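Below: one structure, written as structure tokens.
The shown structure was predicted, so the numbers you read here are calculated from the model rather than taken from an experiment. Naming convention: chains lettered A, B, ... in sequence-line order (proteins, then strands); numbering from 1 in each chain.
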Amino acid sequence: MIKANYKLITSAEDLRSATEELSKHHIIGLDTETTDLDPYRGKLRLVQLSTTEEVFIFDLFAFRDAKENEDLKPLRDVLSAQRPVKIAHNSKFDLKWLRLHLGVDVNGLFDTLLASQIISAGDTDDRHSLQSAVARFLNQSLDKSEQLSDWSNTLSDSQLRYASLDAAVMIPLREKMVERLKKDSLIKCAQLEFECVLPMAHLELAGFFLDAARWREQLEIVKKKREQFADELQEMLAEGALQGSLFGRAEINLDSHVKVTDALKRLGVPMPENTRGWQLQPLANDYPVVAKLLEYRTVQKALTSYGENILEEINPITGRIHADFYQIGAPTGRMACSNPNIQQVPHGEEYRRCFRVPEKRKFVIADYSQIELRILADVSKDEGFMTAFKSGADLHRATAAQVFNVAPEDVTSEQRSFAKRLNFGVVYGIGAPRFAMMTGVSTEEAEGIMRSYFQTYPRLDAWLRNAGNRAVRDRETRTLSNRLVKFRFDENDRRQIAGTKRNGTNSPIQGSSADILKRALRLLYDELKETNACLVNVIHDEIVVECDESQANEIAEKVERAMVTAGKEYVKEVPIVVEAEIKDEWVK
DNA sequence: GTGAAGGGCCAC
DNA sequence: AAACGTGGCCCTTCAC
């Protein structure tokens with residue numbers, strides 16, 4: 001059973017001696033208690049720091065104006081120093097509050113949530129709450145009943161005991177996790193993740209500005225378009241109906257795939273198993289009604305996911321959108337984002353241009369050029385594929401020239417398009433039938449093109465096959481940071497084996513790309529520290545920074561440098577290219 | 001009425 | 001026979 005002797009700190013004098021004691025330790029536990037989940041709405045009540053012997057509970061309500069209060073400086077110093085190492089669960093949360101309410105950036109972190117996810121290596125059955133982690137690693141139960149209690153009034157002994165336990169448990173939990181991280185060679189990956197937390201905390205605090213008036217304006221236009229598509233689609237679908245209602249045409253629920261499928265069948269459209277876009281696309285040429293359906297769905301999707309609802313996500317205090325980012329959102333290590341997901345705002349300018357800079361500010365929008373393909377080239381060491389990048393010219397054209405054995409200037413637009421689709425497809429483990437479907441050639445032709453692609457890049461082919469086979473054999477794979485991705489599958493199920501092969505080739509590529517981005521975010525944080533530029537969005541291979549107009553050029557250089565440097569740490573031979581632009585709106 | 005699953009589509 | 005990887009979010013359908 002975890003026990004903790006706590007000391008409540010409410011005076012400058014006690015604070016000094018407590019921090020003095022804390023700085024004698026190499027490793028301490030960290031937790032906070034707040035009156036809300038939103039740092040802009042609530043107050044930071046307690047900061048708990050634990051050693052192996054005791055827990056110091058700092059009651060910030062006992063100190064006036066915490067952010068500027070000189071009496072709290074020793075506490076800030078302990079938190080900002082690289083040592084002692086601060087252990088916390090979901091430290092991004094604590095870091096946001098400490099930054100905003102205590103004016104300190106925490107350095108020297110060990111995050112038990114991230115460590116738990118890294119160790120689980122993508123096993124989606126594992127849960128990663130503090131409670132689950134304590135149960136799994138320490139075989140103990142943790143009482144969370146006071147978590148949502150009122151932290152704004154006089155605190156009960158039960159609350160203080162709860163507060164101290166959460167901090168105290170960090171030390172034994174970390175010990176168990178370090179054992180596992182070492183055993184699985186995951187220390188480097190963990191360090192990468194821990195160093196990325198502070199940039200993520202800043203990202204969430206900064207938020208992304210959305211021009212609400214412009215958004216509403218644009219929505220009206222899209223809504224009109226939807227009404228028009230809906231009308232036209234109803235008209236076209238009704239032709240197959242046996243009878244209309246007495247009051248006119250029988251309306252079909254266009255958002256019901258069941259009803260729409262029925263209606264399309266009535267019209268004699270040879271329907272595939274389901275009505276997903278990529279299955280319907282080939283029918284769009286022959287059946288205008290199918291083309292119309294796809295048009296309708298695109299507009300409908302945009303309107304439902306990115307309609308009025310997103311305006312509710314604007315924080316009334318900052319006037320900006322503070323989305324939730326999950327640093328390890330996918331088994332590959334990729335991030336995920338929600339409430340709202342600003343990583344998948346539709347590309348249409350009508351949406352993107354609503355994300356604009358405030359007065360006197362600029363965006364620096366920087367993205368990696370073909371990062372996944374460069375990683376693939378570098379790890380496979382395929383001479384031809386690497387050459388295509390080293391030439392510095394248009395990659396898809398260069399690929400087409402090699403695959404179709406023509407001079408780059410003689411590549412037709414069709415050949416370039418084949419090359420482009422294949423370049424993108426190989427990362428996902430595309431097969432000939434799918435390639436045929438998306439390019440409109442026969443499966444035999446597709447097989448021929450793919451064969452010549454892989455003959456042109458034999459080592460690339462070998463690497464892909466090998467990666468897939470190894471994934472099946474070892475039931476795991478690694479990214480360039482040595483991040484582990486485990487696979488679970490039924491070896492008697494051929495579909496699952498095929499799926500594991502695709503995962504086995506895709507994960508190291510996608511995951512390494514995530515590694516590079518995370519490293520870039522940390523380097524960027526270090527570069528931007530002394531400026532008032534801030535990270536405002538991250539989209540897998542793209543970074544959006546908002547900065548003062550007057551510094552835009554300088555900041556753009558810093559962003560580019562951080563990203564290229566990060567890339568070069570992992571990709572040794574193939575050049576890393578970053579394209580940075582200065583913009584007023586989030587458009588390319 | 002509620003919640004999970006299925007189907008679909010957006011981003012990379 | 002299978003057919004392109006990772007996520008989030010929407011709507012409908014269906015079971016409880």
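The side chain of A:N309 contributes an N or O atom lying less than 4.0 Å from OP1 or OP2 of C:dC10. A close approach under 4.0 Å does occur between a side-chain nitrogen or oxygen of A:T298 and OP1 or OP2 of B:dC10. A close approach under 4.0 Å does occur between a side-chain nitrogen or oxygen of A:N503 and OP1 or OP2 of C:dT6. Phosphate proximity of B:dC9 to A:S305: absent, as no side-chain N or O sits under 4.0 Å from OP1 or OP2. Between C:dT13 and A:K259, a contact under 4.0 Å exists linking OP1 or OP2 to a side-chain N or O. Checking the phosphate oxygens (OP1, OP2) of C:dC4, no side-chain nitrogen or oxygen of A:N506 falls inside 4.0 Å.
Among the heavy atoms of the strands lying under 4.0 Å from A:R502 are primed sugar atoms or P, OP1, OP2 only; no base atom is included. Using a 4.0 Å heavy-atom cutoff across all strands shown, A:Q510 reaches at least one base atom of the nucleic acid. No engagement by A:R421 is indicated, since no non-hydrogen atom pair under 4.0 Å with the nucleic acid exists. Across all strands shown, A:R494 has no heavy atoms under 4.0 Å from either base or sugar-phosphate atoms. Residue-level contact check: A:G425 touches neither bases nor backbone, having no heavy atom under 4.0 Å from any strand. As judged by a 4.0 angstrom heavy-atom cut-off over every strand, A:V345 is placed among residues touching the sugar-phosphate backbone only. Within 4.0 Å (heavy atoms only), A:M438 reaches at least one base atom of the nucleic acid.
Among the nucleotides C:dC9, C:dT12, B:dC12, the one closest to the side chain of A:N341 is C:dC9. Counting only heavy atoms from C-beta on, A:T304 has its side chain closest to C:dC11 among C:dG8, C:dA3, C:dC11. In the set B:dA11, C:dA2, C:dG5, C:dA2 carries the atom at the smallest distance from any side-chain atom of A:R495. Side-chain proximity of A:P331 to B:dC10, C:dT13, C:dT6: nearest is C:dT6.
Annotation: cation-pi geometry not satisfied between A:R226 and A:Y296 (NZ/CZ under 6.0 angstrom from ring centroid, within 45° of ring axis).
The side-chain heavy atoms of A:L517 and A:I371, taken from C-beta on, include no pair separated by under 4.5 Å.
The interatomic distance linking A:Q370 (CD) with B:dC12 (P) rounds to 13 Å, in whole Å. Atom CE in A:M437 sits about 12 Å away from atom P in C:dA3, given to the nearest Å. Spacing between atom CG of A:L373 and atom P of C:dG5 amounts to 17 Å, rounded to whole angstrom units. Atom OH of A:Y306 is separated from atom P of C:dC9 by 8 Å (rounded to the nearest Å). Taking atom CD of residue A:E350 and atom P of nucleotide B:dC10, one finds them 12 Å apart after rounding to whole Å. In this structure, CG of A:N253 is placed 14 Å from P of B:dG8, rounded to the nearest angstrom. Here the C1' atom of nucleotide B:dA11 and the CG atom of A:N537 are 11 Å apart, to the nearest Å.
A:N90 and A:D111 share no side-chain donor-acceptor pair at under 3.5 Å. Remark: the A:Q327 side chain and the A:E193 side chain contain an N/O donor-acceptor pair separated by less than 3.5 Å. Looking only at atom types and distance, the side chain of A:Y326 has a donor-acceptor partner in the side chain of A:S338 under 3.5 Å away. Using modelled atom types and a 3.5 Å distance limit, the side chains of A:T399 and A:N423 yield a donor-acceptor pair.
More than 12 heavy atoms of other residues, nucleotides or ligands lie within 6.0 Å of NZ in A:K381, so this atom counts as buried by the packing criterion. A 6.0 Å sphere centred on CD of A:E227 holds more than 12 heavy atoms belonging to other residues, nucleotides or ligands.
Ring planes of A:F363 and A:F208: tilted class, angle from 30 to 60°.
Going from the C1' atom of B:dC9 to that of C:dC4 covers 15 Å, rounded to whole Å.
Two residues, A:P433 and A:H540, neighbour DNA chain C, and the one matched to the more 5' nucleotide by heavy-atom proximity is A:P433.
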List, with names and distances, any nitrogen or oxygen atoms from the protein found under 3.5 Å away from nitrogen or oxygen atoms belonging to nucleotides 2-5 of chain B.
none

